[in-house]
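Read the structure below first, then the notes.
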Amino acid sequence: MLSIDEKTAIQARSRRHPTRPARPGDVERREFEYRRHGTASIIAALDVHTGQVLVEDITRNDSTTFTRSCTDSTEPSIPA
């Protein structure tokens, strides 16, 4: 049994400045500015019996891609 979810348009971003570590008597400082690196879309499936997580990066967000991903995830794998 699989639990499948898709997350679309996830913003890929990184902090503009590094985090400053905490000093004695002070807290860690993290800047609020970030750089954008576009977006990513993924489909994730969790096999609830084994705990295995399957993740696929998708380029198109349409029903054909989602259906293909679902059928690829549910096909049994044949060991070599």
Side-chain angles (χ1 to χ4, degrees):
M1 177 182 284
L2 294 177
S3 175
I4 299 175
D5 190 19
E6 70 176 330
K7 294 301 232 178
T8 58
I10 301 168
Q11 287 189 8
R13 56 189 187 181
S14 63
R15 297 219 177 260
R16 190 173 292 271
H17 306 286
T19 300
R20 292 186 223 151
R23 294 182 300 203
D26 203 3
V27 295
E28 179 181 81
R29 301 236 177 208
R30 194 173 287 164
E31 295 291 332
F32 63 90
E33 293 183 39
Y34 59 88
R35 290 187 181 105
R36 294 179 188 234
H37 300 287
T39 60
S41 297
I42 62 169
I43 295 177
L46 170 68
D47 186 338
V48 296
H49 294 294
T50 64
Q52 181 182 11
V53 177
L54 310 166
V55 179
E56 181 181 350
D57 183 24
I58 57 174
T59 55
R60 293 183 55 101
N61 183 23
D62 58 6
S63 61
T64 306
T65 305
F66 186 76
T67 304
R68 181 186 44 76
S69 179
C70 289
T71 56
D72 290 348
S73 298
T74 57
E75 290 178 358
S77 58
I78 301 171

Spatial distance of atom CZ (Arg35) from atom CZ (Arg16) [nearest 0.5 Å]: 5.0 Å
Pairwise side-chain contact, Arg15 with Arg30, heavy-atom cut-off 4.5 Å (strictly under): yes
Contact check, side chains of Ile4 and Ile43, non-hydrogen atoms, under 4.5 Å: yes
Gap separating the CD atom of Glu56 from the CD1 atom of Ile42, nearest 0.5 angstrom: 10.5 Å
Non-hydrogen atoms of Glu28 and Arg20 that approach each other most closely: CG-O, 3.3 Å
Closest non-hydrogen atom pair, Thr8 against Ser41: CA-OG, 3.6 Å
